[in-house]
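Values below: all heavy atoms of this structure, side chains included; hydrogens, waters and symmetry mates excluded. Note on naming: letters A, B, ... go to the chains in the order of the sequence lines (proteins, then strands), and numbering restarts at 1 for each one.
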There are 2 protein chains.
Amino acid sequence: MSVSFPRPPAARSTRLRRASDVPAATVGRLPLYHRALESLLDQGIHTVSSQRLAELSGVTSAQLRKDLSFLGSFGTRGVGYQVAYLHSRIAEWIGAGSDLDVVIVGIGNLGHALASYRGLAERGFRVIALIDIDPSRVGLSVGVGEGTLRIRPLADLPEVARLAQIGVIATPDAAAQSVCDRLVEAGIRNILTFAPGVLTVPGGVEVRRVDVGLELQILAFRERQQRAVSA
Amino acid sequence: MSVSFPRPPAARSTRLRRASDVPAATVGRLPLYHRALESLLDQGIHTVSSQRLAELSGVTSAQLRKDLSFLGSFGTRGVGYQVAYLHSRIAEWIGAGSDLDVVIVGIGNLGHALASYRGLAERGFRVIALIDIDPSRVGLSVGVGEGTLRIRPLADLPEVARLAQIGVIATPDAAAQSVCDRLVEAGIRNILTFAPGVLTVPGGVEVRRVDVGLELQILAFRERQQRAVSA
DNA sequence: TAGATTGTTAATCGATTAACAATC
DNA sequence: TAGATTGTTAATCGATTAACAATC
């Protein structure tokens, strides 16, 4: 026999929701909404429903409303959302505008592409230094945003890392862990790596990995799966 | 009052598990295990426990064993896994070795980096064509794997897409949807895009997006969150 | 046999979807 | 008021973690 107690009423907090309450999955979608709202702004559209905004963002309207509900209540029932207002509120949450400094280590083809990628500046990131171990590359100029940056030697890493908030690792896999260690030692707490290997970091350091090979492998898996089904 | 019936014994199937039964999250981790096993092979290590392999892959041992259980039963209780055997079985599942053909559209800095990325060939992908709309780029040679490929005009897209299983979109955002449509029309069912915008595709077409800006924004969000906590 | 480690089951956790009362 | 659409709750789904019986 079990006895069920009546639940106490859910605590109602009036203060702003803390960032840590927002689910990771929601955080990952905020930039999608932000971008969709941007495009509506450009078109001079003032109001949008969750239905339409969800469509533009590639999610369901239920999910969009749920996601927004973690941030607060920004719409008007029966009407929808003010595009400019919602855009600015989301911008606030994802921190667009308040620039963060980035150092890129490993300036091969990929590092080069990253350094000259316009999307970074647009989203509030400033590439402040490029580092490479190869002496034949050190000193070369690479176009970054408006200006250019000179590639600096590995020895400069601690110095520049101390000025940055985010480290990007675009080296071969073999060098990634050692570069990672140096970044962490210099106080970097956020790392984006393009090397396929798993990085070991102390607690409190956030690592995200982008692995093109892995993405393709997942597609390949699905491709074979479909073939198997149709065969 | 509720009455509980005894469960029938779980159905025991002898046939191989179908790929569609493997959870997406598991599929995404198989390449990690594969890579970790590869490195053990290189070191001449013959046997490994779920504990150690999990550590090398950056997951928990429970998760590793659970993941493997979807594929079958490959270890020996009290002993662990034979590295070479497990490696070959996972290779089979993720389809490493059976080459798939890739066409890359948009050969700017990023497309260039992708085309010359060794990791692709290593994982069983063959880049068979490079396409760009810019006449000043068409005809240029780009090193791909062992050899080189000439950049071909957009007009060639339908022709080459018919020979490929995977399309990679590395164009600016504005061109992505139109390129995507042409790829799909040519019969491509698997697309990897680097453009931040959401792509609309018919059912049955799988799209994966790699968005460096988004990854950085998520890191930035966490960075600000930590600052807010410590402030 | 005793110790080790798998494969699997059950419990937990988190994210998505569906539905609808609130309200413009 | 009637129609529309949000914000929220409850139900569902899927993935992770913990624990342990099976077994080498």
Heavy atoms only, 4.0 Å cut-off, all strands: where does A:Ser61 land among base, sugar-phosphate and nothing?
nothing
Out of D:dT17, C:dT6, C:dC20, whichever nucleotide has its closest atom nearest the side chain of A:Arg65
C:dC20
Ignoring backbone atoms, test whether [X] places a side-chain nitrogen or oxygen under 4.0 Å from the OP1 or OP2 oxygen of [N].
{"X": "B:Ser50", "N": "C:dT6", "value": "yes"}
{"X": "B:Tyr81", "N": "C:dA4", "value": "no"}
{"X": "B:Ser49", "N": "C:dT5", "value": "no"}
{"X": "A:Arg29", "N": "C:dT16", "value": "yes"}
{"X": "B:Thr76", "N": "C:dT6", "value": "no"}
{"X": "B:Thr60", "N": "D:dT17", "value": "yes"}

Are B:Asp181 and B:Gln177 close enough that a side-chain donor and a side-chain acceptor fall under 3.5 Å?
yes
Would you kindly say whether B:Asn190 and B:Glu206 are connected by a side-chain donor-acceptor distance under 3.5 Å?
no
Just how far, in rounded Å, is [atom2] of [N] from [atom1] of [X]?
{"X": "B:Leu86", "N": "C:dT5", "atom1": "CG", "atom2": "C1'", "answer": "14 Å"}
{"X": "A:Arg77", "N": "D:dT8", "atom1": "CZ", "atom2": "C1'", "answer": "8 Å"}
{"X": "A:Leu64", "N": "C:dA18", "atom1": "CG", "atom2": "C1'", "answer": "15 Å"}
{"X": "A:Lys66", "N": "C:dG14", "atom1": "NZ", "atom2": "P", "answer": "14 Å"}
{"X": "B:Gln63", "N": "D:dA19", "atom1": "CD", "atom2": "P", "answer": "16 Å"}
{"X": "A:Gln51", "N": "D:dA4", "atom1": "CD", "atom2": "P", "answer": "13 Å"}
{"X": "A:Phe70", "N": "C:dG14", "atom1": "CZ", "atom2": "P", "answer": "12 Å"}
{"X": "B:Asp67", "N": "C:dT8", "atom1": "CG", "atom2": "C1'", "answer": "14 Å"}

In terms of ring plane angle, is the pair A:Phe74 and A:Tyr85 parallel, tilted or perpendicular, where the classes change at 30° and 60°?
perpendicular
What is the pairing partner of C:dC20, taking Watson-Crick or G-U wobble pairs with both distances under 3.5 Å in any strand?
D:dG7
Using a strict 4.0 Å threshold on nitrogen-to-oxygen distance, state whether B:Asp211 and A:Arg35 make a salt bridge.
yes
I'd like to know if A:Arg182 pairs up with A:Glu185 as an ion pair, taking the criterion as any Lys NZ or Arg NE/NH1/NH2 lying under 4.0 Å from an Asp or Glu carboxylate oxygen.
no
Comparing A:Gly78 and A:Ala24 on DNA chain C - which has the more 5′ nearest nucleotide:
A:Ala24
